[in-house]
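Below, each value reflects all heavy atoms present in this structure, side chains not excepted, and no hydrogens, waters or symmetry copies.
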Amino acid sequence: MIWSFIKISLFICLVVGLAFGADWLSGMGSGVRVVVVDRNVDVTEFSLDALKLVIILGVALIAIWLALKVLGFVFAFIRFVTGDETAISRYFDRNRERKGYEALAEGMLAVASGESKLAASKASKAERYLRRPELTNLLTAQAAMMNGDTRKAEEVYRKLLADQRTRFVGVQGLLSQKLAEGDTDTAVKLAQKAFALNPKNLEVQNTLFKLQTEVGDWKGARDVLLAKMRQGQLPKDVHKRRDAVLALQEAKAVLDGGTSIEAQEAAIAAAKASPDLIPAAAMAAKAHYDKGDVKSATRVLLKAWEAQPHPDLAAVFASMVPGESATERLKRFEKLLSLRPDHEETRLLRAELCIAAEDFPAARRALGNLVEANPTSRVLTLMAAIERGEGEDDAVVRGWLAKALTAPRGKQWCCDKCQNIQSQWGPVCDNCGGFDTLSWREPAHNNMPLPNGAEMLPLIVAKGTKADAGATLEGTARALNEREK
């Protein structure tokens, strides 16, 4: 309605302007005088005022334009007569194509500038002139998406699937639409189809990889990762690490399905590919141990501990001989402790083993200056156990426990991308969805207290230890829980 009013107003203004212009030209006193002399020396004189001169010039320009058009058609007709069967059709198509490509270009600019209605109008005009849907359908679909008409956009994208030249573009359009709608299952299938059509497209690779890690298609994600490495889009060392992460998750999925042999082999392969991947090393060691290969399990754990000491590795190493005494376990662990003797995790592990063996002075020596240098909940809890074991007053023990409740928790699984903290390692961050972004380190804001006493001496104390040592551990854990309440 408003646009019609604007057009009518412009037309009225144009008519009024022409009327005033004609009146102004008529009122001009001067004009043009044309004198014509023929062979008989007869003189003919023409007097033209300004208005007539403008009209004659306008008519002359129109006549010249028409003459050029007629001349072009005559040449086209001559070529047609001499054997060029498409000469006349090309003559008429040339002007239509020019208008069509102009409309197409204007529509693309409208899409880039966010003018959805103008883009839709230009897309319709371009289709009318060009009659080439492989060029105009994409513009039509984009304009429909900008207008919020998802049904029309999907209809146009499906039309693109019928042409081999535009099939990939159609799949990509449907993929982006399903991602916006949150239809992950359909999006995965479309991403796989797009990857099959154009496996070198980086955007498709990244989209498919992200979707596969979200839905747990670890095997498919490994294939995409391999394709990226072969095409030079991923360094070999990065591929090796990420492939190990995916292999580990594939092993866990197989293990959950009940096929433990395949899971064991996948976990072992993941541990070999990336020894510093703690969950892979722990699972591989368990796999070797389940097969009865204690030597290989020990070798995997020692290699992983040398790369990065971690409580999960110590827990697996402890579970390999469940019936040993605390003293025997401390002696067996010397092989592990000697690899990184100055590492904080090694010192904490030695202190825990010494507490279990009731060698409290040795536990104190193992902690050393950690109480001052890095007083985490775990360190302070161990100090409480040492003080209790050495016979200190309950007030001293409660003092250490009070500090432990408000102290930082120490190293945890933290996302390097969003700094999210997770209780367990995973290939994908639960918060930001980043792949392989979790690392075992101190959080950026390490002020979360110890949630319960279970993290003290995890799976290290052997069965059959003396009752006093067990009472020390249980008392400390109970005190932690009571303080939290």
Side-chain angles (χ1 to χ4, degrees), residues 145 150 153-154 157 168-231 233-235 237-259 262-263 266-267 269-271 273-274 277-280 282-283 412-440 443:
M145 288 292 292
T150 56
E154 182 175 354
Y157 282 134
F168 177 72
V169 178
V171 173
Q172 269 194 315
L174 292 173
L175 172 60
S176 62
Q177 198 171 28
K178 296 304 177 183
L179 287 174
E181 295 174 0
D183 189 354
T184 305
D185 294 337
T186 306
V188 171
K189 297 177 181 178
L190 289 170
Q192 291 173 342
K193 181 64 176 178
F195 182 72
L197 292 172
N198 190 359
K200 294 184 178 180
N201 187 284
L202 183 59
E203 182 181 355
V204 171
Q205 290 176 348
N206 293 336
T207 301
L208 177 58
F209 183 80
K210 185 176 183 299
L211 289 171
Q212 286 172 330
T213 54
E214 288 179 356
V215 301
D217 184 8
W218 310 115
K219 186 179 184 304
R222 293 183 72 181
D223 294 337
V224 175
L225 206 65
L226 181 61
K228 294 184 68 173
M229 190 270 293
R230 288 177 175 174
Q231 294 166 10
Q233 298 177 3
L234 195 68
D237 56 339
V238 177
H239 168 263
K240 187 176 181 180
R241 161 74 185 190
R242 294 184 178 179
D243 186 67
V245 173
L246 294 172
L248 174 62
Q249 290 305 114
E250 188 177 3
K252 288 183 177 180
V254 174
L255 188 61
D256 293 339
T259 313
E262 296 181 14
S274 186
L277 186 57
I278 302 302
M283 181 176 275
Q412 301 171 76
W413 289 114
C414 305
C415 178
D416 297 330
K417 187 176 180 180
C418 68
Q419 307 303 319
N420 180 50
I421 300 174
Q422 294 185 195
S423 59
Q424 294 183 347
W425 178 90
V428 180
C429 175
D430 294 339
N431 184 50
C432 67
F435 178 77
D436 192 25
T437 57
L438 295 180
S439 59
W440 182 254

A.B. asks: Tell me, do Gln419 and Pro443 make a side-chain contact under 4.5 Å, heavy atoms counted?
C.D. replies: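 No. Closest side-chain heavy atoms not under 4.5 Å.
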A.B. asks: Indicate yes or no: at least one non-hydrogen side-chain atom of Phe168 is less than 4.5 angstrom from one of Asn201.
C.D. replies: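 Answer yes - side chains close enough.
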A.B. asks: Restricting to pairs with a member in residues 196-213, which pass salt bridge (Lys or Arg N to Asp or Glu O under 4.0 Å), not counting sequence neighbours?
C.D. replies: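 Sorted pair list: Lys210-Glu214.
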A.B. asks: Can you give me the closest heavy-atom contact between Pro427 and Val245, atom names plus distance?
C.D. replies: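 Looking at all heavy atoms of both residues, the shortest contact is CB-CG1, 3.6 Å.
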A.B. asks: CD/Glu181 to OG1/Thr150 distance, rounded to the nearest 0.5 angstrom?
C.D. replies: 6.0 Å
A.B. asks: So do Val215 and Thr184 actually touch side chain to side chain, heavy atoms under 4.5 Å?
C.D. replies: yes
A.B. asks: How long is the gap from CH2 on Trp440 to SG on Cys414, to the nearest 0.5 Å?
C.D. replies: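 It comes to 8.5 Å.
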A.B. asks: What heavy-atom pair brings Leu225 and His239 nearest, and what distance separates the two atoms?
C.D. replies: O-CD2, 3.5 Å
A.B. asks: Over all heavy atoms of both residues, which pair between Ala187 and Leu175 is shortest? Give the atoms and the distance, please.
C.D. replies: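 Closest approach of Ala187 to Leu175, heavy atoms only: O-CD1, 3.2 Å.
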A.B. asks: Assess the side chains of Gln231 and Gln205: does a donor N or O sit below 3.5 Å from an acceptor N or O?
C.D. replies: yes
A.B. asks: To the nearest 0.5 Å, what is the distance between CE (Met283) and CG (Leu277)?
C.D. replies: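 Rounded to the nearest 0.5 Å, the CE-CG separation comes out at 10.5 Å.
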A.B. asks: Is a donor from one side chain sitting under 3.5 angstrom from an acceptor on the other, for Asp416 and Thr437?
C.D. replies: no
A.B. asks: Indicate yes or no for a side-chain donor-acceptor contact from Thr207 to the backbone of Val204 under 3.5 Å, with no hydrogens or angles considered.
C.D. replies: no
A.B. asks: Which heavy-atom pair separates Leu190 from Val171 by the least distance, and what is that distance?
C.D. replies: O-CG1, 3.3 Å
A.B. asks: Of all residues at least two apart in sequence or in a different chain, which pass the salt bridge (Lys or Arg N to Asp or Glu O under 4.0 Å) check with Asp436?
C.D. replies: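 Scan of Asp436 (salt bridge (Lys or Arg N to Asp or Glu O under 4.0 Å), adjacent residues dropped) gives Arg241.
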A.B. asks: Sequence neighbours excluded, which residues qualify as salt bridge (Lys or Arg N to Asp or Glu O under 4.0 Å) partners of Arg230?
C.D. replies: none
A.B. asks: What is the distance from atom NZ of Lys228 to atom CG of Asp223, rounded to the nearest 0.5 Å?
C.D. replies: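 Spacing of NZ (Lys228) from CG (Asp223) equals 14.0 Å.
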A.B. asks: So does Asp430 get a backbone contact from the side chain of Gln422, meaning a donor-acceptor N/O pair under 3.5 Å?
C.D. replies: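 A pair under 3.5 Å: yes.
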A.B. asks: Can you tell me how far the CG atom of Leu226 sits from the CZ atom of Arg242, to the nearest 0.5 Å?
C.D. replies: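 One gets 14.5 Å once the value is rounded to the nearest 0.5 Å.
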A.B. asks: For Cys418 versus Cys415, what's the shortest heavy-atom pair and its separation?
C.D. replies: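 The answer is N-SG, 3.4 Å.
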A.B. asks: What do you reckon, is NZ of Lys178 surrounded by more than 12 foreign heavy atoms closer than 6.0 Å?
C.D. replies: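 Yes, enclosed.
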A.B. asks: Quick one: pull up CD in Gln412 and OG in Ser423 and give me the separation to the nearest 0.5 Å.
C.D. replies: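 Answer rounded to 0.5 Å: 9.5 Å.
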A.B. asks: Determine, step by step, whether Tyr157 and Gln177 satisfy the side-chain contact (heavy atoms from CB on, under 4.5 Å) criterion, reporting the C-alpha distance in whole Å, the side-chain angles of both residues, the deciding distance to 0.1 Å, and the verdict.
C.D. replies: CA-CA 10 Å; Tyr157 282 134; Gln177 198 171 28; 4.2 Å; yes
A.B. asks: Where is the tightest heavy-atom contact between Ala191 and Leu211, given as atom of each residue plus distance?
C.D. replies: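 So the minimum-distance heavy-atom pair works out to CB-CD1, 4.0 Å.
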A.B. asks: Does a side-chain heavy-atom distance below 4.5 Å link Phe209 with Leu246?
C.D. replies: yes
A.B. asks: Please check if any side-chain donor atom of Asn431 sits under 3.5 Å from a side-chain acceptor atom of Lys417, or the reverse.
C.D. replies: no
A.B. asks: Does a side-chain heavy-atom distance below 4.5 Å link Gln192 with Asp217?
C.D. replies: yes
A.B. asks: Ile278 versus Trp413: any side-chain heavy-atom pair under 4.5 Å?
C.D. replies: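 In contact.
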